[in-house]
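What follows is a single structure, written as C-alpha cells, with notes after it.
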Amino acid sequence: MKSAEIDLHKELKRFFGFSQFKGLQEDVVKSIITGQNTFVIMPTGGGKSLCYQLPALVLEGTAIVVSPLIALMKNQVDAIRSLSTENGVAHVLNSSLTRTEVNQVKEDVKNGVTKLLYVAPESLTKEEYVTFLNEVKISFVAIDEAHCISEWGHDFRPEYRNLRNIIRQLGDVPIIGLTATATPKVQEDILKNLEMPNANVFKASFNRPNLFYEIKSKTKNIESDIIRFIKQHKGKSGVIYCLSRKKVEEIANVLQVNGISAVPYHAGLDAKTRAKHQDMFLMEEVDVVVATIAFGMGIDKPDVRYVIHHDIPKSLESYYQETGRAGRDGGEGHCLAYYSYKDIEKLEKFMAGKPIAEQEIGFALLQEVVAYAETSMSRRKFLLHYFGEEFDEVHGDGADMDDNVRNPKKKVEAKDNVVTLLEIVRDTKQVYKTKEIVFTLLGKVNATVKANKTDSLPFFGKGSNENEKYWIALIRQVLVAGLLRKDIETYGVLKMTEAGTAFIAKPKSFMMTEDHEYSDSDANAEVMNTKVGAVGDEVLIGILKDLCKKVAKKAGVPPFVVFQEPSLEDMGLKYPVTLEEMANVHGVSEGKAKKYGAEFVAVIKKYVEENDIDRPDDFVVKSTGANSALKLYIIQSVDRKLSLPDIAKAKGLDMDGLLKEMEQIVYSGTKLNISYWLDETLDEEQQEEIYEYFMGADTDNIKVAMEEFDGDFDTEELRLMRIQFISKEAN
C-alpha cells in the first residue's frame, strides 16, 4: 500500500481496535510511513511499540526490528500474531531457532507474509542473514532500546555500535530509533552513531503523573517493611528488584513463608522456569515477582501497582525504566526504593577493575543516583530535569506525588562547615579518601594520617564540633553539588573542583539536608542482635514492664528472665493477643510463650480493646529458617557434649560468633546445658558466684557484670554462665 493511500485511523481500528492515537503516535507513524528517518523518545507505557508496528503492517515489505532481549521479542511477536490470521505475520530470528525454523522464517519473508521480523543485533552480524535480507523488500529498520548504542546509556551493548554499518549493507532504508530513557547526552550519541542528524525527532514528556516516588533509608528491618507494604496492597501486582540473584531467592523465600504469593526471576533460572514464572505473574496466579533487571524489559502488564527497589539501581535511567513498569494503565503506581550509601560503595568497588573510561562513566551515573536519593527537592522535578525536561513543581501534573513534597526534609545551614571541609581537602594536598578526611576533621589518627604527619598540622581536629556521621553526610552532599569530586585513577581520593575553589574564595549559603538514616543502636544488641527497629506503644510497653517485674517476683527470678526488653518493645509494636501471636514476637519461642505469655496476652488484649487499637498484624515476619540448620547443629553438638571450640571450627565460626548463636538459642526459649564445658572452665564456687549474681541482678548486661566482678572473670566466662543461667531459669 502506498503511503498516500493509507487511512491511518481506519488501519489503527482494523489492527489494534483503537479509534484514536495516543500522544505523539500519529505524527510518528506519518513520519515513518513517508520514509523519513525518525527518532522517538517515549517513556515506558507511552505506546512506543505501536509507532513502528502499525507502519510495518500497512507498508509493503518486511520491517526489521532490532531488539536486545529474546523475552521482549517473543512477547511482541505473540501480540502481533494475535492481531492477524497469518501466524507468519511476525517472526523472531535469533540464536534460539533450529535450522528448520530458520528456513520457515525465510520462506514467510520471501512470500511477503512476514511484516515484522524481530532480530537480535548479534544475528545481523551473520553474513547468511545479511545476504538473505538483501534479496527481499525491507520497509524500514526499527532499533528498539536505542539507548544501548550509547556508552552513557544505562544498558550499553557494544554490538549496537555496529548497527549502522550493517544497515548500510541493506541499501537505502529508513531508520527508526526508539528509546524510553535518554538524557540529552545519550540522545546526541544515538543520532550521531546512526548517522541521522536530520531525523524527525519526537520527544514525549517523561512525566508519569500517576507514579508516586518514595525513597526510604535501608535498615535491618527491610524485609519486615516490604512485607508490611505488600500486605497493605493485598491482591495487587508488584515487582521487587534486587541486584543479585542470591538476594532475589532470599526475598522470594521470605515472602512465601509470610503468606505472600511470590516467585523469583533471574538469569540463573532455566528458560522454562523463567517463562513459567513470567506467565504466572501475567496470568495473576502470583502477586509479586522478585527479580534482577533481567525481568520486565518485555513485560507489558498494565496493572503493576508498585515497583520496589530492594537495592538502588546503578543509574537513574535504570531507575526510571524500572519504576516505569508501574501504573501503565494510568492507575495507581507506587515506586518505593530503599537507599543506603553502603550499597553505592559496593557498586563503586565492583567497578574498580574496569577500564578507566568505563569507571568514569559508571561513577558519574552513580553520583546522579546518590544525588536523587539524597535530594530534598521534588523528586519528579529532579528526574525530569535529568532527562532534559523542565517541570513546574507547584502546578505541574503530579506535583505532590513524591515523599519530599509531602514530607519536606529538614535543612540546616552548613556554609562554614563546607569551607572547613574544602580547606582541609586542599591543605592535605588532595591525597586522602573520605575516611582520612573525616579523621583529620575529628582529630583522629590512623596509619595513613600518621604517615603523612597530618596530626601535627594546625587544622587537625578543626571539625571536632560535629560527629563522624555528620561529616560523611556533608561530604556526600558536597560531592553531589560538584564542589569536590572522587578521583577515578586513585579510586576514592577526594579532589577539589573549580567550583570548590571558588566556594572557598566566596562562600555562599549551603543548605544541608539532615540525614534520614536510622540509628543502628538497639536496646540490647549484644544479645538480641536481630533488630526490632520501629517505635512501639510507649504506654503499653510501660504496663508490660511493670507486669514483667510482678511475674518475675512471683517466680523468684529477675525480670529479664521472663522477657527481655527488646521482646517487650516488640509486643508494644505488634500487640499480640493470642499465644500463637506471642510466639512470633522477637526473642519469644513457643515454649516461652506458653510459660509466661498468658498474663501478657490478657493485658494486651484488654489494652487493645479499651483504646480501640488497629493491630498491625502484618509486622510479624517469619524467618525462612535459613539459619535453623546451624542452630540445630549447635543444639545437637552440645547434647553430645562436644567441645565448644570444635563446634565453632566445624561451622567456620570464631568463639564470639558461636556464643552469639548460643545466646540467640537460649533467649528464644530453647535449653542448652553446657555444664560439661563450664566444669572445665570454672570451678564450682566460681560458677555459683556468677549464678547468684545473675539471680539478683537488674540486668543481664555483660558490661555491668564485668564492672561488678572488677576483672575477676573475662567476658567469655560471664557470657557462658549467662547462657547456662538463662537456659535453666528462663526456659
| query | Should Lys349 and Glu345 count as an ion pair when the cut-off is N to O under 4.0 Å? | reply | no
| Pair Tyr306-Glu332, side-chain donor/acceptor within less than 3.5 Å | no
| If only atom types and distance count, is the side chain of Thr497 paired as donor or acceptor with the main-chain N or O of Leu483 below 3.5 Å? | yes
| Does a donor on one side chain sit under 3.5 Å from an acceptor on the other, for Tyr338 and Asp343? | no
| Near Glu413 CD, under 6.0 Å, is it more than 12 heavy atoms from other residues, nucleotides or ligands? | yes
| message | Checking Val248 against Tyr265 for the side-chain contact (heavy atoms from CB on, under 4.5 Å) test, could you report, in this order, the C-alpha distance in whole Å, the side-chain angles of both residues, the deciding distance, and whether it holds? | response | CA-CA 7 Å; Val248 164; Tyr265 188 104; 5.9 Å; no
| request: Flag the pair His385 / Phe391 as yes when their ring centroid distance falls below 6.0 Å, and as no otherwise. | output: no
| task | Examine Lys301 relative to Phe281 and say whether NZ or CZ is less than 6.0 Å from the centre of the six-membered ring and inside a 45° cone about the ring axis. | result | yes
| Test of ring centre spacing under 6.0 Å for Tyr372 and Tyr319 | yes
| Taking the side chain from Arg426 and the backbone from Ile504, do they hold a donor-acceptor pair closer than 3.5 Å? | no
| Just by modelled atom types, is the Gly463 backbone N or O under 3.5 Å from a matching donor or acceptor in the Trp471 side chain? | yes
| field | Residues Asp225, Arg228: salt bridge by 4.0 Å N-O rule | value | yes
| request: Assess the side chains of Glu389 and Ser205: does a donor N or O sit below 3.5 Å from an acceptor N or O? | output: yes
| Spatial distance of atom CZ (Phe39) from atom CG (Asn200) [nearest 0.5 Å] | 12.5 Å
| field | Ring centroid separation Phe229 to His334 under 6.0 Å | value | yes
| Is there a donor-acceptor contact under 3.5 Å linking the side chains of Glu374 and Tyr339? | yes
| said: Measuring from atom CG of Leu336 to atom CD of Glu214, what distance do you get when rounded to the nearest 0.5 angstrom? | reply: 5.0 Å
| message | As a test of understanding, state which of Lys346, Lys342, Lys247, Lys218 forms a salt bridge (charged side-chain N to carboxylate O under 4.0 Å, His left out) with Asp311. | response | Lys218
| request: Please report the C-alpha distance between Asn417 and Tyr470 in whole Å, then the side-chain angles of each, then the deciding distance to 0.1 Å, and finally whether the side chain to side chain donor-acceptor pair (under 3.5 Å) criterion is met. | output: CA-CA 10 Å; Asn417 283 339; Tyr470 173 91; 2.9 Å; yes
| field | Side chain Gln430, main chain Val425, donor-acceptor under 3.5 Å | value | no
| Got a salt bridge between Asp303 and Arg305, using NZ or NE/NH1/NH2 to carboxylate O under 4.0 Å? | no
| said: Main chain of Gln36, side chain of Thr38: is a donor-acceptor contact present, judged purely on distance under 3.5 Å? | reply: yes
| Side chains of Arg380 and Asn207, donor plus acceptor under 3.5 Å | yes
| Criterion side-chain contact (heavy atoms from CB on, under 4.5 Å) on Lys415 and Ser509, from CA distance to verdict | CA-CA 5 Å; Lys415 177 174 73 175; Ser509 173; 5.5 Å; no
| CG of Leu163 to CD1 of Ile175: how many Å apart, nearest 0.5 Å? | 9.0 Å
| query | Between Phe18 and His9, does the ring centre distance come in under 6.0 Å? | reply | no
| said: Using 0.5 Å steps for rounding, measure from the SG atom of Cys335 to the CZ atom of Arg379. | reply: 11.5 Å
| Gln76 and Gln53: side-chain donor and acceptor closer than 3.5 Å? | yes
| query | How about Lys381: does its NZ atom have over 12 heavy atoms from other parts shown lying under 6.0 Å from it? | reply | yes
| Pairwise distance CD1(Ile260) to CG(Asp287) - rounded to 0.5 angstrom | 8.5 Å
| task | Check the side chains of Arg325 and Tyr241 for a donor-acceptor pair under 3.5 angstrom, ignoring hydrogens and angles. | result | yes
| said: Looking only at side-chain N and O atoms, does Thr179 offer a donor or acceptor that is under 3.5 Å from a partner on Glu145? | reply: no
| query | With under 30° as parallel and over 60° as perpendicular, where do the rings of Phe387 and Phe206 fit, or are they tilted in between? | reply | parallel
| message | Ignoring hydrogens and geometry beyond distance, is a side-chain donor-acceptor pair present between His147 and Glu317 at under 3.5 Å? | response | no
| query | How long is the span from the CD atom in Gln477 to the NZ atom in Lys411, to the nearest 0.5 Å? | reply | 8.5 Å
| query | Is the closest basic N to carboxylate O distance between Lys486 and Glu348 below 4.0 Å? | reply | yes
